[in-house]
Amino acid sequence: MPFHFQLNAIYMLFRTHLGFVSVHDPSSLHHHQTILRRLKLDPKKPEYNKAKELLNQSLIARLMDCARLILSWEQYHSDTAKWRPSWQEFQQVVAEITSMYTTTRSAHDALERGDEVLAHSIFFIRDALIFTEFCDAIRDADAGRMWLVYDFWIFMMRGAGCHNYGNELLEMKAQYTYELPPLLREVLEHTWLVNRWGQHGHQ
């Protein structure tokens, strides 16, 4: 079941962030797809592995660019190679990226300043990080983190036109919250994921 939500989350993200060929939007996935010379993907139901690869590469590039802005790097490649931060310095940069480039509030602030490209990029970073959190939660077999993501996806799925899975999440949330006893809920959550390898972090 979780993979079906992953698959439809990819559909949701592409419907929201792919953009249009006729519109030159540097913050769109289509723009990055063109730069990276990736094959065209179905905008509504893209192939999962190729779509996820493009999503991850776009997310990493944007986060690295956020770090460049915060650290005031002038020569990106050489400065990146030389950067040897302490753990505290690294955490500080992460905190600044989080507050400035990953929140709904920061995206709305950018819109109010008239910077739609930055706003759209922030919305993408936010949504892609939520998807990444879900994938990591599956690897760690952490149903609690999966539920946190489901709470966002209930609304995001419907907003992107993925109504069936938006409804499925809402019904599942209602069932687990109001109908199932705690013990049965815990048993069912343990059936969501199977670790075939017996090693932590493997699914």
Determine whether N164 and E168 satisfy the following criterion, side chain to side chain contact (heavy atoms under 4.5 Å, CB included), listing intermediate values before the conclusion. CA-CA 6 Å; N164 289 341; E168 178 70 23; over 6 Å; no
So, for [X] and [Y], which heavy atoms are closest and what is the spacing to 0.1 Å?
X: P26; Y: H24; result: CD-O, 3.7 Å
X: H163; Y: R158; result: CE1-O, 3.5 Å
X: L118; Y: D115; result: N-OD1, 3.1 Å
X: L193; Y: A141; result: CD1-CA, 3.5 Å
X: C135; Y: Q6; result: SG-NE2, 3.2 Å
X: L13; Y: A128; result: CD2-N, 4.5 Å

For L170, side chain to side chain contact (heavy atoms under 4.5 Å, CB included) partners two or more places apart: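 L170 satisfies side chain to side chain contact (heavy atoms under 4.5 Å, CB included) with I154 only.
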For T103, which residues count as a side chain to side chain contact (heavy atoms under 4.5 Å, CB included) partner, sequence neighbours excluded?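 If we apply the side chain to side chain contact (heavy atoms under 4.5 Å, CB included) test to T103, skipping adjacent residues, the hits are R105, S106.
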Taking only residues two or more places apart in sequence or in another chain, which ones pass side-chain hydrogen bond (donor to acceptor under 3.5 Å, both in side chains) with K173?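 Scan of K173 (side-chain hydrogen bond (donor to acceptor under 3.5 Å, both in side chains), adjacent residues dropped) gives D151.
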With R68 as the cation and W83 as the aromatic partner, state whether NZ or CZ is under 6.0 Å from the six-membered ring centre and within 45° of the axis.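 Geometry flag: not set, cation outside 6.0 Å or 45°.
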Test: salt bridge (charged side-chain N to carboxylate O under 4.0 Å, His left out). Region: residues 121-135. Which pairs qualify, not counting sequence neighbours?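 For residues 121-135: E133-R145.
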Roughly how far apart are [X] [atom1] and [Y] [atom2], rounded to 0.5 Å?
X: I70; Y: Q92; atom1: CD1; atom2: CD; answer: 9.0 Å
X: L18; Y: R15; atom1: CG; atom2: CZ; answer: 11.5 Å
X: C162; Y: N8; atom1: SG; atom2: CG; answer: 6.0 Å
X: T132; Y: I125; atom1: OG1; atom2: CD1; answer: 11.0 Å
X: F14; Y: L41; atom1: CZ; atom2: CG; answer: 5.0 Å
X: M146; Y: L148; atom1: CE; atom2: CG; answer: 11.0 Å

Residue that, paired with F124, satisfies ring-ring contact (aromatic ring centres under 6.0 Å, His included) out of H17, H31, H32: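 Filter result, single survivor: H17.
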Applying the ring-ring contact (aromatic ring centres under 6.0 Å, His included) criterion to W192, which one of F3, F5, W147 satisfies it?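 Answer to the ring-ring contact (aromatic ring centres under 6.0 Å, His included) test with W192 among F3, F5, W147: W147.
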Are [X] and [Y] joined in one hydrophobic group, where the rule is that I, L, V, M, F, W and Y side chains link up if heavy atoms are under 4.5 Å apart?
X: I35; Y: M64; result: no
X: L188; Y: L183; result: no
X: Y178; Y: M172; result: no
X: Y176; Y: V187; result: no
X: L129; Y: W153; result: yes

Within a strict 4.5 Å, meaning less than it, do heavy atoms of the Y11 and P46 side chains meet?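 Side chain of Y11 against side chain of P46, heavy atoms only: contact under 4.5 Å found.
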What I'd like to find out is whether the side chain of D42 reaches to under 4.5 Å of the side chain of E47, using heavy atoms alone.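 When only atoms from C-beta onward are counted, E47 and D42 do not touch, as no gap falls below 4.5 Å.
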Can you classify the ring geometry of F134 versus Y150 as parallel (below 30°), tilted (30 to 60°) or perpendicular (above 60°)?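 The arrangement is tilted - the two ring planes meet at 30° to 60°.
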If you apply the rule side chain to side chain contact (heavy atoms under 4.5 Å, CB included), what do you find for F131 with V149, and how did you get there? CA-CA 8 Å; F131 175 77; V149 173; over 6 Å; no
Determine, stepwise, if the pair D65 / S121 fulfils side chain to side chain contact (heavy atoms under 4.5 Å, CB included). CA-CA 11 Å; D65 195 48; S121 192; over 6 Å; no
Under 6.0 Å from the CD atom of E112, do we count more than 12 heavy atoms belonging to anything else shown?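 Enclosed.
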Hey, is OH on Y48 packed in by over 12 heavy atoms from elsewhere, all under 6.0 Å?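 Atom OH in Y48 is crowded, with more than 12 foreign heavy atoms closer than 6.0 Å.
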What ring-ring contact (aromatic ring centres under 6.0 Å, His included) pairs are there with at least one residue in residues 94-122, not counting sequence neighbours?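 Applying ring-ring contact (aromatic ring centres under 6.0 Å, His included) to every pair that reaches into residues 94-122, excluding sequence neighbours, yields H108-F123.
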Side chain to side chain donor-acceptor pair (under 3.5 Å) between Q175 and E171, intermediate numbers included: CA-CA 6 Å; Q175 184 182 43; E171 290 175 8; over 6 Å; no
Going by the rule salt bridge (Lys or Arg N to Asp or Glu O under 4.0 Å), which residues pair with E53 if we only count those two or more places apart in sequence or in a different chain?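 By the salt bridge (Lys or Arg N to Asp or Glu O under 4.0 Å) rule, E53 matches R38.
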Do [X] side-chain atoms and [Y] backbone N/O form a donor-acceptor pair below 3.5 Å?
X: S58; Y: L54; result: no
X: T177; Y: A174; result: no
X: R62; Y: S27; result: yes
X: D140; Y: D142; result: no

Pair I122, T102 - check side chain to side chain contact (heavy atoms under 4.5 Å, CB included), show working. CA-CA 5 Å; I122 291 173; T102 69; 5.8 Å; no
